[in-house]
Amino acid sequence: MAGLTIGVLTLQGGFDKHMQTLEKLGVNPVKVREAGELNAIDGLIIPGGESTTIIRLLRNFGIYDRLREKILQGLPVFGTCAGMILLSRGIDSHPEQETLGLMDYRVSRNDYGRQIDSFDAKLIIKGLGDDPVPAVFIRAPRITEIGSTAEVLSEYEDSPVLVRQGHMLAASFHPELTEDIRVHKLFLSMIEG
């Protein structure tokens, strides 16, 4: 993993904890705010935050089209919470809201409840053994429909909460808010092949 440069989209949202987790894993985390910065990274994390704000800023900063193109060309990407929403092909609860439309699932925003309803859970994640992974859910999106090209890696109460589709990974929860680094390590392993 040493030598990898991983971008974290820093237009809005909780990017600091992702950067700290990446440092623990010995990779080089860099902030991404401009389209040109996408050329110098081996993978990208889209953090949690306000999905409507992030998509607006992607448009305002002129990143949207280049980001979508780079991911379609194979740039590995990991979206958490709002990042999962942005990677989806649509939002049932807000069908007017634009997404990147890259992964084969639909979501409903804040479907696990409001901020006050935030909770921790222990998840069994495919490929990470029998030791449960702690997960923090904050105004989390719920996958409402999933297509055959997306692989479910973990579920919570019978709903997918971690899915992979080729070089793309998306989580309803915030792995960066725990001390457990295995989900980020999983993403890095996808980059290394």
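Residue numbers count from 1 along this sequence. Here the structure is a predicted model, which is why all the values come from computation and not from measurement.
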What closest approach, in Å, do [X] and [Y] show between heavy atoms, and which atom pair accounts for it?
X	Y	result
P141	S172	O-OG, 3.0 Å
I63	R33	CD1-O, 2.9 Å
D180	R182	OD2-NH2, 2.7 Å
A35	G62	CB-O, 3.9 Å
R68	G101	NH2-O, 3.7 Å
V152	K126	O-CD, 4.3 Å

Compare all side-chain heavy atoms of [X] with those of [Y] and state whether any distance is below 4.5 angstrom.
X	Y	value
I6	L188	yes
V32	L38	yes
H167	I191	no
P160	Y105	no
I138	F173	no
P175	F78	yes
T80	E176	yes

For [X], I'd like to know if atom [atom1] has over 12 heavy atoms of other residues, nucleotides or ligands within 6.0 Å.
X	atom1	result
K24	NZ	yes
K17	NZ	no
E179	CD	no

Report the C-alpha distance between R106 and I146 in whole Å, list the side-chain angles of each, state the deciding distance to 0.1 Å, and finish with yes or no for side-chain contact (heavy atoms from CB on, under 4.5 Å). CA-CA 6 Å; R106 296 183 62 82; I146 188 161; over 6 Å; no

As an exercise, state the distance from [atom1] of [X] to [atom2] of [Y], rounded to the nearest 0.5 Å.
X	Y	atom1	atom2	answer
R164	T149	CZ	OG1	13.0 Å
Y64	L100	OH	CG	5.0 Å
T178	K122	OG1	NZ	8.5 Å
S88	M103	OG	CE	9.5 Å
I91	D111	CD1	CG	12.0 Å
E155	I124	CD	CD1	12.5 Å

Quick one: do D65 and R59 satisfy salt bridge (charged side-chain N to carboxylate O under 4.0 Å, His left out)? Show the steps, please. CA-CA 8 Å; D65 291 332; R59 286 290 190 193; 3.5 Å; yes

Checking R142 against E157 for the salt bridge (charged side-chain N to carboxylate O under 4.0 Å, His left out) test, could you report, in this order, the C-alpha distance in whole Å, the side-chain angles of both residues, the deciding distance, and whether it holds? CA-CA 11 Å; R142 185 189 306 267; E157 295 183 342; 5.1 Å; no

Applying the 4.5 Å side-chain criterion to the ILVMFWY set and letting contacts propagate, would [X] and [Y] be lumped into a single cluster?
X	Y	result
V27	L169	yes
L75	L58	yes
L177	Y112	no
V8	V183	yes
L22	L4	yes

Quick one: do F15 and L9 satisfy side-chain contact (heavy atoms from CB on, under 4.5 Å)? Show the steps, please. CA-CA 7 Å; F15 49 83; L9 192 68; over 6 Å; no

For side-chain contact (heavy atoms from CB on, under 4.5 Å), just list the numbers for D104 and E151, CA-CA rounded to whole Å, side-chain angles, deciding distance to a tenth of an Å, and then say yes or no. CA-CA 9 Å; D104 192 11; E151 178 186 10; over 6 Å; no

When you measure from the side chain of [X] to the backbone N and O of [Y], does any donor-acceptor pair fall under 3.5 Å?
X	Y	result
E192	S189	no
T99	L87	no
S154	L123	no

Which is it for D92 and T144 under the side-chain hydrogen bond (donor to acceptor under 3.5 Å, both in side chains) test, yes or no, and what are the steps along the way? CA-CA 8 Å; D92 288 344; T144 54; 2.5 Å; yes

For Y156 and F119, what are the C-alpha separation, side-chain angles and deciding distance, and is it a ring-ring contact (aromatic ring centres under 6.0 Å, His included)? CA-CA 12 Å; Y156 177 75; F119 62 96; 5.3 Å; yes

Audit row: M190, K185, side-chain contact (heavy atoms from CB on, under 4.5 Å) steps and yes/no: CA-CA 9 Å; M190 289 167 52; K185 200 170 179 180; over 6 Å; no

List the atom pairs, with distances to 0.1 Å, where a side-chain N or O of residues 40-57 and a protein N or O form a donor-acceptor pair under 3.5 Å, not counting sequence neighbours.
from : atom 1 : to   : atom 2 : distance (Å)
D42  : OD2    : T5   : N      : 2.7
E50  : OE2    : R139 : NH1    : 3.0
S51  : OG     : Q97  : NE2    : 3.0

ring-ring contact (aromatic ring centres under 6.0 Å, His included) pairs, two or more places apart, involving residues 16-52: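 The answer is H18-H184.
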
